[in-house]
There are 2 protein chains.
Amino acid sequence: MADFLIRKLENFSRLSTEDRHALDQASRQRMRQIRPRDDIVREGDLPPGVTLILDGWACRYKTLEDGRRQIIAYLLPGDLCDHGVPILREMDHSIGSLTAVTLAEIPPETVRQLTADHARLAQALTWESLVAAAIQREWTVNIGQRTAFERLGHLFCELYLRLQAVGLTRGTTCEVPLTQAEIADTIGLSVVHVNRTLQELRSIGLIALRGRELTLPRLEALQRAVQFNPNYLHLDHEGRHLDANET
Amino acid sequence: MADFLIRKLENFSRLSTEDRHALDQASRQRMRQIRPRDDIVREGDLPPGVTLILDGWACRYKTLEDGRRQIIAYLLPGDLCDHGVPILREMDHSIGSLTAVTLAEIPPETVRQLTADHARLAQALTWESLVAAAIQREWTVNIGQRTAFERLGHLFCELYLRLQAVGLTRGTTCEVPLTQAEIADTIGLSVVHVNRTLQELRSIGLIALRGRELTLPRLEALQRAVQFNPNYLHLDHEGRHLDANET
DNA sequence: TAAATTTAATAACAAAAGTTAATCGGGGTC
DNA sequence: GACCCCGATTAACTTTTGTTATTAAATTTA
């Protein structure tokens, strides 16, 4: 059930069979199905406990009074949300599904046990939350400093690598179930301009889009063209922390 | 020594004398002075342990190859940085001082003891880190969706309230030791446009700037004008979580 | 105190991105 | 199979914001 999360965590450290089993069990206790484009939690609600996206895409977002909307983060299969359960009184943003979503609510007690009994797991989960924070920071940079062209290319690089980390790419291709309006709300551009920029990326041959299928035929070139530096994803040390054989 | 942090945490919950004393002791173990506009940690460095800003302003920032720079977060007196010490191998961004800064490095062992021995403190520290994350999200919204006018006003509202939370405001005034160039790098605008927008805010009487002294004579009006909603700062429940007398 | 260096303020012009509106196209529905 | 609806595309035009350059003012330093 927790396959995507497990796969992601193993980018950071090798988990034992028990680690994996425990995580899997935890994810099976309370599952929930969400329809596409439905709210999972709304701003003002009591923050939910730890939530794991088992499958599908969701996002954090915030709506201004006049209807402008910013997508703040994507929640992909294997992503966790921890709002520090009883500490904050209410959500300051909403979470909504983009596609159909399957999620697991992991009870506080289960989280406590998991991290208490499985040191590696605890470490790996810390890693995952540090990376989530790093992604949020990178989005600030992306929206604040980059041109439309760079923003869009950067987003695609990030999505591709994050999907790859959970095994959701085939070759140079991955599914990106976003409308241009959603992309616009993500990188702070108008739909029209997203469309223009998309054309540009296509015409140079840096991306290909067939339906919801995104192909990055020349990832390296794309990364260079938009100054994408993957360091913030902290994916580059497969288990090194736990192997004693470092240089 | 840790006065600002203590004051900030008490916006969330009342601390006991021992809590405060323990925090204060922890902050005295390893102090460091940083000159204005100096790097504290650089991208690529090994992430430092838990760092507490005792006094002065610092910021997280990221520089692109071609020199563009984005300020990702402000670190004000009483702010904490926790990079999850040994988990990530290298910093994906830099931290630099804006003014002269006094900081405390809190050894991992001390952090462990603090949170183990002082439950309230542990909770309060979790609160502070959740708020830091919420601020980061709000910046995404600010830069992504708002006009120059709103962005700037929003930033000022945030800074004022954060400074107020640590007792660094006098009436409607606070010190904001930023150049217009730094503000520009914060909200993703050019210096020239920041200047223009500043004039506009001034001419309407929503802000006054004398040197580094920022006055918000009509905070409410400013908040309305820029659609500032302070909910993301989660400052509105003075100790409620620990008092049993809730509704 | 004077010189040097930042920082702030303006202006004129250029470019990027937004707005509005119309059309096209595919997928699903009746 | 005709109709609808949503999402994508395109065009024309507007607005916001960026760029470059110059000057003024304020700080810092010598």
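This is a predicted model, so every value here is computed, not measured. Naming convention: chains lettered A, B, ... in sequence-line order (proteins, then strands); numbering from 1 in each chain.
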task: Going by the side-chain contact (heavy atoms from CB on, under 4.5 Å) test, name the single residue among B/L155, B/V226, B/V141, B/L152 that passes it with B/R146.
output: B/V141

- prompt: Does a nitrogen or oxygen in the side chain of B/R210 sit under 4.0 Å from OP1 or OP2 of D/dA26?
  reply: no

statement: When B/R196 and B/L178 are each assigned the nearest nucleotide of DNA chain C, the 5'-most assignment goes to B/L178

task: Tell me what A/G211 touches on the nucleic acid: a base, only sugar-phosphate, or nothing, going by heavy atoms under 4.0 Å.
output: nothing

task: With rounding to the nearest 0.5 Å, note down the distance linking CD in A/Q33 to CG in A/D38.
output: 12.0 Å

query: So what does A/R68 hit on the nucleic acid, given a heavy-atom distance under 4.0 Å: a base, only sugar-phosphate, or nothing?
result: nothing

- prompt: Is A/N195 near enough to D/dA8 that one of its side-chain N or O atoms lies under 4.0 angstrom from OP1 or OP2?
  reply: no

Nearest listed nucleotide, side chain of B/Q180, among C/dA9, C/dA17, D/dA8: C/dA9

task: Measure from the side chain of A/A148, starting at C-beta and using heavy atoms only, and say which of C/dA9, D/dA8, C/dA17 lies closest.
output: C/dA17

query: With a non-hydrogen cut-off below 4.0 angstrom, is B/R151 in contact with a base, only sugar-phosphate, or nothing?
result: nothing

message: Looking only at the side chain of A/Q199 (C-beta and beyond, no hydrogens), which of the listed nucleotides D/dT9, C/dT19, D/dG7 gets closest?
response: D/dT9

- request: Under 4.0 Å between any heavy atoms, over every strand shown, what does A/S190 touch: base, sugar-phosphate, or nothing? Just pick one.
  value: base

- prompt: Aromatic ring centroids of A/Y74 and A/W139 under 6.0 Å?
  reply: yes

message: Applying a 4.0 Å non-hydrogen cut-off, can you work out what B/L189 is touching in the nucleic acid: base, sugar-phosphate, or nothing?
response: sugar-phosphate

message: Please determine whether a side-chain nitrogen of the Lys or Arg among A/R162 and A/E158 lies less than 4.0 Å from a carboxylate oxygen of the Asp or Glu.
response: yes

task: Nearest-nucleotide wise, let me know which of A/T147 and A/V192 is further upstream toward the 5' end of DNA chain C.
output: A/T147

query: In terms of side-chain heavy atoms of A/T179, which of C/dT7, C/dA17, D/dA8 is nearest?
result: D/dA8

